[in-house]
Peer 1: 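First the structure, then my questions, so here it is.
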Amino acid sequence: MSKAEFNVAVVGATGAVGNEMISVLEGRGFPVRDIRLLASKNSIGKKLSFRGKEVPVFELTADSFAGIDIALFSAGAARSLQFAPAAVRAGAVVVDNSSAFRMDPEVPLVVPEVNRHDIFTHKGIIANPNCSTIQMVVCLKPIHDAVGVKRVVVSTYQSVSGTGKRAIEELALQTRALLNMQEAVCNVYPHRIAFNCLPHIDSFTDSGYTKEEVKMMNETKKIMGDPAIAVTATTVRVPVFYSHSESVNVETHRKLSVERCRELLAGAPGVIVVDEPAKSGYPLASVAAGRDEVFVGRIREDRSIQNGLDMWIVSDNIRKGAALNAVQIAEIVAEEML
Ligand code: L14
């Protein structure tokens with residue numbers, strides 16, 4: 001039977017990414033027949049709006065997926081591990097935004113602009129990469145195709161929205177408290193995030209890297225399909241609400257001029273080059289917030305090595321870094337189902 005419309009479940013519908021998934025589905029005109037909004041017990045009774053209608057939120061259980069064609073998960077790795085298999089058993093294709101399955105060799109890890117075709121190897125689950133990885137590989141891909149990427153050194157400046165709604169509130173409350181000569185209360189992060197930078201995202205591993213850093217290092221190789229690319233990362237939380245910024249140093253196998261690099265990136269899907277330093281033109285978190293594209297600028301030659309470039313990459317972590325990328329994958333899955 002060919003279907004023109006799909007029953008879509010959003011798992012973690014009340015979260016920052018879940019909310020955005022609903023609005024991206026609506027905004028892009030995804031062919032939704034019915035939308036099923038799922039979340040934890042605490043959210044039962046809430047209603048969220050989709051195409052101008054109020055839709056109730058139901059409790060996520062193993063029985064939530066009867067009749068669902070596509071399930072978008074963004075409720076954390078534990079929920080994905082527990083419930084994604086049930087969704088697959090019920091016949092749904094899962095697009096999972098958590099870290100649960102990303103490095104599973106059976107599960108494709110996809111950024112459509114980079115490795116769209118990996119989607120078609122799925123066995124029910126497709127993983128959505130980490131937000132910081134997504135925006136970086138969208139820019140690395142055209143460079144890799146042209147001259148081969150040998151090594152990447154990245155430092156991130158990540159917004160609090162990646163952690164979720166409680167972290168957004170924490171930055172706002174701490175900022176207000178401090179400006180009113182009151183004490184900042186820390187619940188979400190181990191230290192004050194207002195007027196501060198924390199070199200700590202996700203938990204620490206024995207290697208000294210954080211899990212967020214390890215994700216960037218491993219996921220980049222998998223998405224680019226090249227385990228030989230060397231990557232080292234330092235991931236830092238900064239007091240910004242939306243959009244991650246990244247300083248990215250790229251060493252290439254063959255020489256790539258700054259001019260040619262700009263051309264390649266300007267022609268890359270989903271990328272906007274903003275690189276007019278004389279006019280103070282460079283990518284900004286404040287401009288990228290709410291946008292779909294990945295912004296890149298400050299493109300310059302790394303004078304410390306033979307073949308190296310430095311650049312500054314910014315994108316909305318909740319959109320391209322999460323909800324939009326997941327819906328783009330769902331669009332390709334839906335086309336395949338027709
Ligand atoms: O998707 O910003 O693996 O705290 C987990 C940590 C997303 C960002 C993931 C954060 C990340 C999140």
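Counting starts at 1 for both ligands and their atoms, in listed order. Note that these values count all heavy atoms, side chains included, but never hydrogens, waters or copies made by symmetry. Sequential numbering from 1 along the given sequence is applied to the chain's residues.
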Peer 1: Got an N/O contact under 3.5 Å between T163 and ligand 1?
Peer 2: yes
Peer 1: Give the atom numbers and elements of ligand 1 that come within less than 4.0 Å of a heavy atom of R237.
Peer 2: 2 (O), 4 (O), 10 (C)
Peer 1: Looking at K215, which atoms of ligand 1 are within less than 4.0 Å of one of its heavy atoms?
Peer 2: 3 (O), 5 (C), 9 (C), 11 (C)
Peer 1: Can a donor-acceptor pair be found, under 3.5 Å and without considering hydrogens, that links the side chain of Q174 to the backbone of V185?
Peer 2: yes
Peer 1: State which residues pass side-chain contact (heavy atoms from CB on, under 4.5 Å) with A288; sequence neighbours excluded, sorted by chain then number.
Peer 2: S243, F295, V314
Peer 1: Within a 6.0 Å radius of atom NZ on K211, are there more than 12 heavy atoms belonging to other residues, nucleotides or ligands?
Peer 2: no
Peer 1: Would you call the rings of Y157 and W312 parallel, tilted or perpendicular, where under 30° means parallel and over 60° means perpendicular?
Peer 2: perpendicular
Peer 1: Measuring from atom 6 (C) of ligand 1, which candidate in E212, Q158, K211, E219 has the nearest non-hydrogen atom?
Peer 2: E212
Peer 1: For the aromatic rings, using the six-membered ring if either is Trp, is the centroid distance between F30 and F50 under 6.0 Å?
Peer 2: no
Peer 1: Can you tell me which residue and heavy atom of the protein come closest to atom 1 (O) of ligand 1, and the distance to 0.1 Å?
Peer 2: R102 NH2, 2.8 Å
Peer 1: Give the residue and atom name of whichever protein heavy atom lies nearest to atom 7 (C) of ligand 1, and the separation in Å to one decimal.
Peer 2: C131 SG, 3.9 Å
Peer 1: Just need the protein heavy atom nearest to atom 8 (C) of ligand 1, so name the residue and atom and give the distance.
Peer 2: G162 O, 3.7 Å
Peer 1: Sub-3.5 Å donor-acceptor pair from the side chain of T235 to the main-chain atoms of E212, do we have one?
Peer 2: no
